[in-house]
2 protein chains.
Amino acid sequence: MTSPAVAPPVTHSIADAAARTGVTAHTLRYYERIGLLDVARDPNGRRRYDATDLARVTFLTRLRQSEMPIRDIARYVDLVREGDHTEPQRLAILQAHRDAVVHRIDELTQALAVVDFKITVYGGSTGSIHTLHTESDCT
Amino acid sequence: MTSPAVAPPVTHSIADAAARTGVTAHTLRYYERIGLLDVARDPNGRRRYDATDLARVTFLTRLRQSEMPIRDIARYVDLVREGDHTEPQRLAILQAHRDAVVHRIDELTQALAVVDFKITVYGGSTGSIHTLHTESDCT
DNA sequence: CCTTGACTTCGAGCGCGCTCGAAGTCGTAC
DNA sequence: GTACGACTTCGAGCGCGCTCGAAGTCAAGG
């Protein structure tokens, strides 16, 4: 009931890949240039993105969204290319990043509290319940 | 039992202000240059930061930490200078910013989930409880 | 044939938010 | 006096992450 001998190579043009991942074609080329991606070429020299490529782009995008510097992403990707024995180091990078993200969320949450407080001072609504502290060195 | 006639003007040098707010003196000057701060001078032309100035710097720092563009902060500060009648507009800016921060926290939280998932794939620990989904287009 | 359009490479440019440093001015200490 | 150190102004520089665009290649369509 499964398909015949050879697997069909499902690949995508750069425009397609851009549409599917939500990053621009320019950025896809840029990522490749700086070594974050290794993309195959068709006989005419055009990029073909397979599922793995797209998955990587999506993952990169998550890392970027969470502010991992491109420098660090490049290190991670280099480790991936070096083979399975680098998994511990990759794990370490991800764990360090995890900690950074948690810290960043914390920072944002604190800033949010300050902004929310200011909003209530201005008499606006924030959608949250407040325990108001006093002290309003106003601005 | 309270103090005599004139209030003592408690002000701080730029080095002091920098130490108290955690931003560099260079940055304090920069913020002033671009109009985020109005700082008094002593007879020798040196900056003196009062409590209000420090409070503003601290608030600015929160806005910056939460990624409000300097352009927007400048607009806000300009409104403050224009007087009380601009409070509705200030409120609007803060509310828009609040929404942006909430959205950003959300985004980070999603990215965190992805990173956490990857960490467990690598066999590491994240400190969180996971409901594992399958699908591992690995990298 | 010629055009169109999607692609290629690669260097340059941009917007942001600082960050630095040169050159000058003070007040105090020795 | 002179040396120090903390400050001043202001223009330039930097690191980051794209973003753009020029010039060229190629295949399909009319």
Side-chain angles (χ1 to χ4, degrees), chain A residues 11-50 53-54 56-77 97 100 104 107-108 111, chain B residues 11-50 53-54 56-77 97 100 104 107-108 111:
Chain A
T11 64
H12 308 273
S13 71
I14 192 166
D16 204 358
R20 280 163 197 270
T21 60
V23 312
T24 68
H26 270 306
T27 299
L28 285 175
R29 292 191 201 102
Y30 166 68
Y31 282 174
E32 191 180 343
R33 260 205 288 189
I34 63 174
L36 304 189
L37 256 27
D38 306 296
V39 184
R41 294 290 190 279
D42 74 7
N44 286 313
R46 304 204 164 175
R47 290 171 176 83
R48 298 308 308 183
Y49 295 81
D50 65 18
D53 294 329
L54 296 188
R56 182 179 282 191
V57 172
T58 300
F59 184 52
L60 291 190
T61 300
R62 292 300 189 177
L63 295 181
R64 290 294 309 121
Q65 271 175 358
S66 50
E67 297 166 20
M68 184 183 284
I70 281 189
R71 189 182 291 103
D72 295 359
I73 301 180
R75 285 213 317 119
Y76 177 86
V77 169
H97 181 57
R104 184 80 186 100
E107 205 171 52
L108 283 178
Chain B
T11 64
H12 308 272
S13 71
I14 192 166
D16 205 358
R20 281 164 196 269
T21 59
V23 314
T24 69
H26 271 306
T27 300
L28 285 174
R29 291 191 202 100
Y30 167 67
Y31 281 174
E32 192 180 340
R33 260 204 289 190
I34 63 175
L36 304 190
L37 257 27
D38 306 295
V39 184
R41 295 293 189 275
D42 73 8
N44 286 313
R46 305 205 162 173
R47 289 171 178 83
R48 300 308 309 183
Y49 295 82
D50 66 19
D53 295 329
L54 297 187
R56 182 178 283 191
V57 172
T58 300
F59 185 51
L60 291 189
T61 300
R62 292 302 189 176
L63 295 181
R64 290 294 308 122
Q65 273 175 358
S66 50
E67 297 166 18
M68 184 183 283
I70 282 189
R71 191 183 289 102
D72 294 0
I73 301 181
R75 284 212 316 120
Y76 178 85
V77 168
H97 182 56
R104 184 80 187 100
E107 205 172 51
L108 282 179

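Every chain is numbered from 1, with letters handed out A, B, ... down the list of sequences.
If you check every strand for non-hydrogen atoms under 4.0 Å, A/Ile14 touches sugar and phosphate atoms only. Note on B/Ala25: nothing from the nucleic acid sits closer than 4.0 angstrom, heavy atoms only.
Of the residues listed (A/Ile14, A/Asp16, A/Thr21), the one engaging A/Tyr49 in a side-chain contact (heavy atoms from CB on, under 4.5 Å) is A/Ile14, and it is the only one.
Of the possible polar contacts, one joining the A/Arg48 side chain to the A/Thr11 backbone as a donor-acceptor pair under 3.5 Å is found.
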side-chain contact (heavy atoms from CB on, under 4.5 Å) between B/Leu108 and A/Arg104, intermediate numbers included: CA-CA 8 Å; B/Leu108 282 179; A/Arg104 184 80 186 100; 3.7 Å; yes

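The phosphate of C/dT9 (OP1 or OP2) has a side-chain N or O of A/Arg41 nearer than 4.0 angstrom. Between C/dC10 and A/Arg29, no contact under 4.0 Å exists linking OP1 or OP2 to a side-chain N or O. For A/Thr27, a side-chain nitrogen or oxygen approaches OP1 or OP2 of D/dT19 to under 4.0 Å. Distances shown here put a side-chain N or O of A/Ser13 below 4.0 Å from the OP1 or OP2 atom of C/dC7. Between A/Arg47 and C/dT8 there is a side-chain polar atom (N or O) within less than 4.0 angstrom of OP1 or OP2.
Rounding to whole angstrom units, CG of residue A/Asp16 and C1' of C/dC7 are separated by 14 Å. As a whole-Å value, the separation of B/Ile73 CD1 from C/dG17 C1' is 11 Å. Atom OH in B/Tyr30 sits roughly 6 Å away from atom P in C/dG17 (whole-Å rounding). As a whole-Å value, the separation of B/Glu32 CD from D/dC7 C1' is 13 Å. As a whole-Å value, the separation of A/His26 NE2 from D/dG17 C1' is 14 Å. With rounding to whole Å, A/Gln65 atom CD is found 15 Å from D/dC18 atom C1'. Atom CG of A/Leu28 and atom P of C/dT9 are 13 Å apart (whole Å). As rounded to whole Å, 9 Å separates atom C1' of D/dC18 from atom CZ of A/Arg64.
No salt bridge links A/Glu32 with A/Arg29; every basic N to acidic carboxylate O contact stays at or beyond 4.0 Å.
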Review item, nucleotides 24-27 of chain C N/O atoms under 3.5 Å of protein N/O:
{"residue": "C/dC26", "atom": "O3'", "partner": "B/Asn44", "partner atom": "OD1", "Å": "3.0"}
{"residue": "C/dG27", "atom": "OP1", "partner": "B/Asn44", "partner atom": "OD1", "Å": "2.7"}
{"residue": "C/dG27", "atom": "OP1", "partner": "B/Asn44", "partner atom": "ND2", "Å": "3.4"}

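A residue-by-residue look at B/Tyr49 and A/Met68 shows that B/Tyr49 has its nearest nucleotide of DNA chain D further toward the 5' end.
Looking at B/Ile34 and B/Ile70, their side chains come closer than 4.5 Å, going by heavy atoms from C-beta outward.
The CG atom of A/Leu63 lies 5.0 Å from the CD1 atom of A/Ile73; values are rounded to the nearest 0.5 Å.
The side chain of A/Ile70 lies closest to D/dG17 when the candidates are D/dA12, D/dG17, C/dT8.
Of all non-hydrogen atoms in B/Asp53 and B/Asp38, the two that sit nearest each other are OD1-O, 3.5 Å.
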